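Read through the structure below, which is laid out as structure tokens, and then see the notes.
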Number of protein chains: 2
Amino acid sequence: MLTSRREEIVHAATELFARQGYHAVGMRAIADAVGIRGSSLYHYFPSKVELLHAIASDSTKRFIELQLADLRPMPTYAERLRKLLGDHVTYFHAYRLEEAVGLRELQELKASAPDYYAELQATRRSYQDAVERLIRDGCAAGEFDCADAHLAALAILGMVNSVNDWFRDTGRQSIEAVAAAYAAMAVDGLLGATPR
Amino acid sequence: MLTSRREEIVHAATELFARQGYHAVGMRAIADAVGIRGSSLYHYFPSKVELLHAIASDSTKRFIELQLADLRPMPTYAERLRKLLGDHVTYFHAYRLEEAVGLRELQELKASAPDYYAELQATRRSYQDAVERLIRDGCAAGEFDCADAHLAALAILGMVNSVNDWFRDTGRQSIEAVAAAYAAMAVDGLLGATPR
DNA sequence: GTCTATATTGAGATAGAC
DNA sequence: GTCTATCTCAATATAGAC
């Protein structure tokens, strides 16, 4: 599964950062989890913050590329957005540790590595813009009913992003069921895609 | 404004924790912000984590008491929920630093002070339950249209909680306008309170 | 690529004078 | 209630052997 030592390190750091927070985890703890000495980590990453960047950046960029590529081939705006949001929730669940680190340690990245922060924010922004455009187009086409596409995009993204805060695999519903339900609440409910 | 030195300390710590994160801020930095020495802080708080608890607990409990007290006197469930959610957004904005710390450092509290964590989670849970009950009652009364009141409550709370992530006072809309718009998207949109 | 050894800095917290 | 002085520990990171 984990082919390279580098991947092994990123994986261990992701788990520790997600569980305890970036500053609460020392390089020694990461090294222990991998079975090497602290100093050996510096063979793979020049600093701790580069490790954080690798975690936050890799999964976010992969996610957004996937989502934006998938945006095109659908008959209606409603179906397009429902699929996008459902995939959003399931991806966020699959990479919940990475997303937890990426979201929670954003300001740490902003303070310690401003370039990386700006880059990441730009990537996120392009995704938010794509969702907003999709909503705007759906409104223009008469599929959606919404007063402010910008606000609606923010509200819906806030909604789907929050699933990881409460969802547990041990609960009564699968992540796929929750993903479908959230997509329906957003598209058919909030945006009124299905006439009532 | 800040009557006691204790309040002054809590206020300074809130700002610093919100901006830099709990572990990134030392007791010395908090003391500097107040104009005393680091050791003097221990006259008011026995440890750093007690300070965190004071920040997270005070504002959360005050908020939830306020909101639950306000729940009763309204003619319809829709109006009741619209008011609750609007107040939620404006309160969260007024106490955005405290809420940022309370939400982001939850796991720190869980690790360092499990009792405080459990207490705080129970308080939050009672609020979530109240919102869910309100939605369920509104559904039973035929005012709302929703498949799963539990999921709807989680989705709506995720939505209103996310406003602080993007809202800035320098933007084009006031917080009151955003609060009203979010309440409408939740109640009239997601829950379909207004017939379309 | 991993190790030992270490430099350097700052953390949280305490003792006890005033 | 605030101070000075200090304890103890752990942090990130580097140098250089193997």
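Chain identifiers are assigned alphabetically (A, B, ...) following the order of the sequence lines, protein sequences preceding nucleic acid strands; residue numbering begins at 1 within each chain. Keep in mind it's a predicted model, so treat the numbers as computed, not measured.
Nucleotide D/dT12 holds its P atom 11 Å from the NE2 atom of B/His23, rounded to whole Å. Per the geometry, CG belonging to A/Leu16 stands 12 Å off P belonging to D/dA11, to the nearest Å. We find that CZ of B/Phe45 is positioned 15 Å from P of C/dT14, with the value rounded to whole Å. At whole-Å resolution of the value, CD1 in A/Ile9 and P in C/dG1 are 11 Å apart. Atom CG in A/Leu41 sits roughly 13 Å away from atom C1' in C/dC3 (whole-Å rounding).
Counting only heavy atoms from C-beta on, A/Tyr42 has its side chain closest to D/dT14 among D/dT14, C/dT2, D/dT2. Minimum atom distance to the side chain of A/Ser39 is reached by D/dA15, of the listed D/dA5, D/dA15, C/dT2.
With 3.5 Å as the limit, one finds no donor-acceptor pair spanning the side chains of A/Ser47 and A/Glu50.
A sub-4.0 Å separation between OP1 or OP2 of C/dT2 and a side-chain N or O of A/His43 is absent. Between A/Arg28 and D/dT12 there is no side-chain polar atom (N or O) within less than 4.0 angstrom of OP1 or OP2. Under 4.0 angstrom from either OP1 or OP2 of C/dA5 there lies no side-chain N or O belonging to A/Arg37. In this structure, B/Arg6 does not reach the D/dG1 phosphate: none of its side-chain N or O atoms is under 4.0 Å from OP1 or OP2.
A distance of 10.5 Å separates CD1 in B/Ile55 from CD in B/Glu15, rounded to the nearest 0.5 Å.
Summary of the strand contacts: A/Lys48 and B/Gly38 both lie near DNA chain D, and taking for each the nucleotide with the nearest heavy atom, the more 5' one is attributed to B/Gly38.
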Side-chain donor-acceptor contacts of residues 34-45 of chain A below 3.5 Å, not counting sequence neighbours, with atom names and distances?
none

Anything under 3.5 Å between a donor and an acceptor, one on a side chain of residues 16-26 of chain A, the other on a protein residue two or more places apart or in another chain? List them.
from    : atom 1 : to       : atom 2 : distance (Å)
A/Tyr22 : OH     : A/Val49  : N      : 3.3
A/His23 : ND1    : A/Glu108 : OE1    : 3.3

